[in-house]
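For reference, the structure discussed in these notes is given below.
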Amino acid sequence: MISKRRRLDSEDKENLTEDASKTMPLSKLAKKSHNSHEVEENGSVFVKLLKASGLTLKTGQNQNQLGVDQVIFQRKLFQALRKHPAYPKVIEEFVNGLESYTEDSESLRNCLLSCERLQDEEASMGTFYSKSLIKLLLGIDILQPAIIKMLFEKVPQFLFESENRDGINMARLIINQLKWLDRIVDGKDLTAQMMQLISVAPVNLQHDFITSLPEILGDSQHANVGKELSELLVQNTSLTVPILDVFSSLRLDPNFLSKIRQLVMGKLSSVRLEDFPVIVKFLLHSVTDTTSLEALDVAMLLIIYSTSTQTKKGVEKLLRNKIQSDCIQEQLLDSAFSTHYLVLKDICPSILLLAQTLFHSQDQRIIVFGSLLYKYAFKFFDTYCQQEVVGALVTHVCSGTEAEVDTALDVLLELIVLNASAMRLNAAFVKGTLDYLENMSPQQIRKIFCILSTLAFSQQPGTSNHIQDDMHLVIRKQLSSTVFKYKLIGIIGAVTMAGIMAEDRSVPSNSTQRSANVSSEQRTQVTSLLQLVHSCTEHSPWASSLYYDEFANLIQERKLAPKTLEWVGQTIFNDFQDAFVVDFCAAPEGDFPFPVKALYGLEEYSTQDGIVINLLPLFYQECAKDASRATSQESSQRSMSSLCLASHFRLLRLCVARQHDGNLDEIDGLLDCPLFLPDLEPGEKLESMSAKDRSLMCSLTFLTLNWFREVVNAFCQQTSPEMKGKVLSRLKDLVELQGILEKYLAVIPDYVPPFASVDLDTLDMMPRSSSAVAAKNRNKGKTGGKKQKADSSKASCSDTLLTEDTSECDMAPSGRSHVDKESTGKEGKTFVSLQNYRAFFRELDIEVFSILHSGLVTKFILDTEMHTEATEVVQLGPAELLFLLEDLSQKLENMLTAPFAKRICCFKNKGRQNIGFSHLHQRSVQDIVHCVVQLLTPMCNHLENIHNFFQCLGAEHLSADDKARATAQEQHTMACCYQKLLQVLHALFAWKGFTHQSNHRLLHSALEVLSSRLKQTEQEQPLEELVSQSFNYLQNFHHSVPSFQCGLYLLRLLMALLEKSAVPNQKKEKLASLAKQLLCRAWPHGEKEKNPTFNDHLHDVLCIYLEHTDNVLKAIEEITGVGVPELVSAPKDTASSTFPTLTRHTFVIFFRVMMAELEKTVKGLQAGTAADSQQVHEEKLLYWNMAVRDFSILLNLMKVFDSYPVLHVCLKYGRRFVEAFLKQCMPLLDFSFRKHREDVLSLLQTLQLNTRLLHHLCGHSKIRQDTRLTKHVPLLKKSLELLVCRVKAMLVLNNCREAFWLGTLKNRDLQGEEIISQDPSSSESNAEDSEDGMTSHVSRNRATEDGEDEASDEQKDQDSDESDDSSS
């Protein structure tokens, strides 16, 4: 209902104000003591106006009596003064009356003490705090300046007086009146008077006055106060403590605080001990606010950390913030220790405690800072401290936390380089880590053995022999174990120790002969140790493979002594040649199930020359031995397993490369030589093959693939065109074999491939038995917890290997098209993803991606006399490019997007994220990023070529014959290459390490490559310019993106670039425009239905659009006002014409994102204050009107789309929107109502319609009895009830209580139809289901600027509430 009560005219209001004292009687208590001790008026305006406003002055020690609410008193007195005929002269007369009245000390005391609050018996219960008369008068703006002036005139007469008999100091009491005022009219004048008073006050009051300044002055005066106090600090050192205490509470300029801090640091020697806590507090706050630190600051922080337990948390928090903002670099810490080490060594235990605390962080930067504390404590402190440092690091090594263990081991390695002799004294502590090897990763085991070997085999003879003995004992014990984990430790330890012993070290010239003798002795030890490892692993293929891989890593990382390397190289060469290589003319002997041919050769061999890899005969021989369970005599014969072919070759080629400075001409025949194999292409024979034959062919395919992978690893960096062409040919063979492998795997669901590499990460996935394992090793398979069969090719496989391809690009590496996949699916065949078999492929080295530089390569075909017979042009094709990009993308995802710290208890919890990346993890992240930056130029070339391909494909002038040449499979392959290139670029530029100062040069180099594609410049450009040009370069590709996924990755890449910019807002609108173009583009038919991740991608693109557009509300209104109506009016299976991505299937995604972004937007809008300008109030009010309108449009859509997801979004985000309205908008309406009454009422009435819809939704949820929806109802109703109460409070505050009334809401469904209950007794419960059983109405006609008497209003409101409650 709308009330038609007439509004009070101005004349009625004036009369009401003048007769206020007559119409509003005092309470019953006030009437009893009305004439007792009351001050007579005697014509005083001061006394008369106070009495008319509700305050009665008392004489003697009686409290002044306040008969009305404090706010009402202030308002009535203000109105009485403003409407007085003598205004503004009456103000001066009023203040003079106050001054005359307070000349008596008792009267002044009464005015400074709180008033007595008089209330009716029916009024609110409990004690009500009441302010003093002076405090109340200071809250009236027109009186405040004169009252403050009067108070400061009275203070001096009490400065040197002692406290009264009741313990009250009048000077302090006067100053206390100025604290916590709601508003200060003239802050500058108040500041000047306070500082003048401080300068003349005695010392005891100076302390109190100074410490009261933050409670008296506003933020705008903090700078002036700080300047005045700094001058006072120089003049009077006895005030240092109160002044510093105040500085900690003021908002001051960082540069100013830095000067004060330096001044205080110079006075530390004269500071009293009891004053030290205040100084520490100031130093902590001042350092927090500064932008940079110096060595002395760091030293002081460490000292403060050691002084008290109360300061530790503050220092830790401060250091974490400074580390994360890159304010503390290693050079600064080095300077602090080198300059102040004499002081810092006395607090060594506290420094180690701080380092230990920082080591437990999840942020790698903070962990590194803790490691630097250990490092410099060891470097600069004495022997005792060094021992404590090593002990603490060993504790971290044994902690079981991966990041903590890795960092501690790295520090120990640095300490050996820093001071080897000091570390040898503490070698016994480090030796204790041998007891914890079982719970460490292979890389951590390598580091521990490297540390111990370096300490044990130092250049000083006769030292550390006990460590040598212990290490030999541990290694022999582990090598003799039949448990996989322990044998792995023994192999890694032995190889690492051999590498340290045989390392090529520079020696002084005057001791050549002695060093040679020592070297000869160590070479003998190395030889015997390696022979021991070989003898312990030769009968186990997995152990041999691990040994070869570990030895290969050692040769790759360390430079061995020439004689040792020569012996190793010759031994490995002979073993490989004897085991795997046969002459081309030697026909394989044996009864094989398939015809054996020399396949995949790159040269035409005659019958007299050439070599072949004897793969099939070796593998079949192993299978036959295992099937017949060979006798012990046969098993004792030495034979090399074909499963070790790839790892053995890796060791061989690294030895040759190390001996010949990277030249592999000595073994180049292995690049093009064929392999003895059956025809691996199954063709039509696949269905007729037996299960055994299928497994045999599948295993041979795996082994051939891994051989080619290692061949590509070996020869990818050779410079001759001949070898480059052959490497590209091998890459094509790889892609072809992967297609063949998919065919086999699709029909062998229970197949486990032969292992490719051995590591703890692959422990649970590796088959434990094989054809070449002797009977004594059969129990090894039990460690993996899987039941094994005799033949590894028949072993059962984890179901995870047959899961659907979940890679971002929906394409198998063989390059099959969607059409091929679909037809295969209709035939009932199983789809497999080779990504799930990553553990069974040899890892590609990061150097392989240098092939991306290859353009057209001319390969020369030679005749028998080595003359050029013909030439062939080879280039990197789309399928081979996709193969490389997929692997590179996986490597970058694993290295650059992995979390900094992963807490683990044992390896079984690590998951599979590191499987297949063991070689990669032995290199630093910075090294990987540097390699990828070097690849940016060829990747940009490929990106531009693919861009041109799709541009030409979409050209209108292209003939039908030309378009027919671009098959669907080729287009799909090119699209996947496009997407993978964008993924690689995104992974690179999204790397968080670029924020570190040490990596800024890498970022600069990467951006220079992108920006140079647009414009070549010789001068070095600033980072901001490079980011802008790189953004412009990449955004040009949006015209040719072939799929929605590619568009999303392009947006993510551009967002990653904007994160590097200091002014990203300049490009945000362009990013929003690109996202909108993706939403408004019609994508190929079938993409949305066939790609299960399309909805996720659509969600991300829509979020990017709404987050980056300059007007979120306008964007939401466009989608709901244009796109949705088109969708509603369109046929069932069609989409919106403006937004083709908006269909009936994707509407839920659009709806959810729009509701979430609307709530996020209004939640981030500042509520504002009454001090804001009128223009700011109007802008915020307009913004909220638009937001509520969008909210209304979105809510009304649930009438058309009433599925569960839509209703769930309405309940969830509807409540959040209402809560945001309460917190952010209602304070704005409080002080905007008087000047924008019509706008506020309109806003509230629109919101009221929305709350009714939410109420209907609550009723609908209960009628449907859907628990998924009803669980949101209680919280939503609570918010709606709070909204009703808050709107009423806003109207009461603005004296418009009559514009609000309550009524009972009926339960309705989504269409507005009333829900009729079948049970009459349930009417009471129906009422409870409403918004507190009522709905609020805001009436424009009832909105008045000034209300009637509060007492009568309260009574009327109570009557109204009672009537509504009874009606409900």
Side-chain angles (χ1 to χ4, degrees), residues 53 55 63-64 66 68-75 77-78 95 98 102 108-117 126-155 158 167-198 201 205-226 228-229 242-252 281 285 1167-1172 1227 1230-1231 1289 1293:
S53 301
L55 188 140
Q63 285 181 281
N64 297 326
L66 186 61
V68 295
D69 186 79
Q70 297 175 135
V71 176
I72 296 175
F73 166 76
Q74 288 177 321
R75 187 178 67 198
L77 180 57
F78 171 74
V95 174
L98 172 63
T102 55
L108 177 61
R109 177 180 175 279
N110 282 349
C111 291
L112 296 174
L113 295 176
S114 61
C115 299
E116 180 184 1
R117 180 75 164 92
T127 304
F128 189 86
Y129 168 74
S130 183
K131 300 178 182 178
S132 67
L133 172 60
I134 296 296
K135 191 85 168 180
L136 292 171
L137 297 180
L138 286 172
I140 302 175
D141 291 352
I142 58 177
L143 293 177
Q144 188 186 95
I147 302 294
I148 290 177
K149 181 180 178 182
M150 183 203 75
L151 291 177
F152 277 105
E153 289 175 353
K154 289 187 176 294
V155 169
F158 300 106
I168 295 177
N169 184 289
M170 293 297 293
R172 289 192 181 98
L173 190 58
I174 292 174
I175 295 302
N176 285 342
Q177 307 302 308
L178 302 174
K179 292 182 179 180
W180 308 118
L181 294 178
D182 294 334
R183 184 171 180 269
I184 298 176
V185 177
D186 191 350
K188 189 174 182 180
D189 180 67
L190 178 59
T191 302
Q193 295 192 61
M194 279 297 301
M195 296 309 301
Q196 185 178 1
L197 177 63
I198 291 172
L205 290 179
Q206 278 183 323
H207 282 69
D208 293 339
F209 293 165
I210 291 174
T211 54
S212 299
L213 288 175
E215 302 166 354
I216 295 175
L217 303 176
D219 293 351
S220 60
Q221 297 302 315
H222 283 189
N224 295 334
V225 173
E228 296 280 352
L229 290 179
I243 291 177
L244 294 184
D245 193 18
V246 170
F247 279 156
S248 300
S249 304
L250 299 180
R251 295 182 180 179
L252 300 174
K281 177 184 176 183
H285 280 266
T1169 62
D1172 293 337
D1230 288 342
F1231 46 75
L1293 178 66

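Worth knowing before you read on, the calculation uses all heavy atoms, side chains too, and leaves out hydrogens, waters and symmetry mates.
Counting heavy atoms of neighbouring residues, nucleotides and ligands inside a 6.0 Å radius, atom CD of Gln196 does not exceed 12 of them. Within 6.0 Å of atom NZ in Lys149, 12 or fewer heavy atoms from other residues, nucleotides or ligands are found, so the atom counts as exposed in its surroundings.
Note that CG of Leu77 is 9.0 Å distant from CG of Leu55, once rounded to the nearest 0.5 Å. With values rounded to the nearest 0.5 angstrom, Ile216 atom CD1 is found 11.5 Å from Gln193 atom CD. Taking CD of Gln206 as the start and CG of Leu197 as the end, the distance is 9.5 Å to the nearest 0.5 Å. Rounding to the nearest 0.5 Å gives a distance of 8.5 Å between CD of Glu215 and OG of Ser249. Ser53 OG to Arg75 CZ: the interatomic distance, rounded to the nearest 0.5 Å, is 11.0 Å. Rounding to the nearest 0.5 Å places CD of Gln63 at 5.0 Å from OG of Ser114.
Take Ile142 and apply the side chain to side chain contact (heavy atoms under 4.5 Å, CB included) test, not counting sequence neighbours, and it matches Phe78, Leu81, Arg82, Tyr87, Ile91, Ile140. Applying the side chain to side chain contact (heavy atoms under 4.5 Å, CB included) rule to Pro242 yields the partners His207, Ile210, Thr211, Leu239; only residues at least two apart in sequence or on another chain are considered. Every side chain to side chain contact (heavy atoms under 4.5 Å, CB included) that Leu113 has, sequence neighbours left out, goes to Arg109, Ile168, Leu173. Annotation: side chain to side chain donor-acceptor pair (under 3.5 Å) contacts of Glu228 (sequence neighbours excluded): none. Partners of Asp186 by salt bridge (Lys or Arg N to Asp or Glu O under 4.0 Å), not counting sequence neighbours: none found. In terms of the salt bridge (Lys or Arg N to Asp or Glu O under 4.0 Å) criterion, Asp189 has no residue partners (sequence neighbours excluded). Among residues two or more places apart in sequence or in another chain, the side chain to side chain contact (heavy atoms under 4.5 Å, CB included) test is passed with Val71 by Asp69. Residues passing the side chain to side chain donor-acceptor pair (under 3.5 Å) test with Asn176 are Lys179, sequence neighbours excluded. By the salt bridge (Lys or Arg N to Asp or Glu O under 4.0 Å) test, Lys188 pairs with no residue at all, sequence neighbours left out. Phe1231 meets the ring-ring contact (aromatic ring centres under 6.0 Å, His included) test with His1177; sequence neighbours excluded.
Contact of the Met150 side chain with the Thr102 side chain is registered, since non-hydrogen atoms from C-beta on lie closer than 4.5 Å. Ile134 is not listed as a side-chain neighbour of Ile174, based on a closest heavy-atom distance of 4.5 Å or more. Residues Leu138 and Leu151 meet the side-chain proximity criterion, which asks for heavy atoms closer than 4.5 Å. When side chains are defined from C-beta on, Leu213 counts as touching Ile198, because their heavy atoms get closer than 4.5 Å. Residues Met195 and Asn224 are not in side-chain contact: their nearest non-hydrogen atoms beyond the backbone lie 4.5 Å or more apart. Residues Leu229 and Val246 form a side-chain contact, since some pair of their non-hydrogen atoms from C-beta on lies under 4.5 Å apart. Side-chain contact check for Leu178 versus Phe152: some heavy-atom pair is nearer than 4.5 Å.
Annotation for Arg183 and Val185: closest pair NH1-CG2, 3.9 Å, computed over non-hydrogen atoms. Here the closest heavy-atom approach between residue Ser130 and residue Arg117 is recorded as CB-CB, 4.4 Å. The two residues Leu112 and Gln177 have their closest heavy-atom pair at O-NE2, 3.1 Å. Scanning all heavy atoms of the two residues, the minimum distance from Val95 to Ala146 falls at CG2-CB, 3.7 Å. Cys111 and Ser132 get closest at one heavy-atom pair: O-CB, 3.3 Å. Contact between Leu217 and His222 at its shortest, heavy atoms only, is O-NE2, 4.1 Å.
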Before giving the answer on side chain to side chain contact (heavy atoms under 4.5 Å, CB included), spell out for Leu205 and Asn169 the whole-Å C-alpha distance, their side-chain angles and the decisive distance to 0.1 Å. CA-CA 10 Å; Leu205 290 179; Asn169 184 289; 4.3 Å; yes
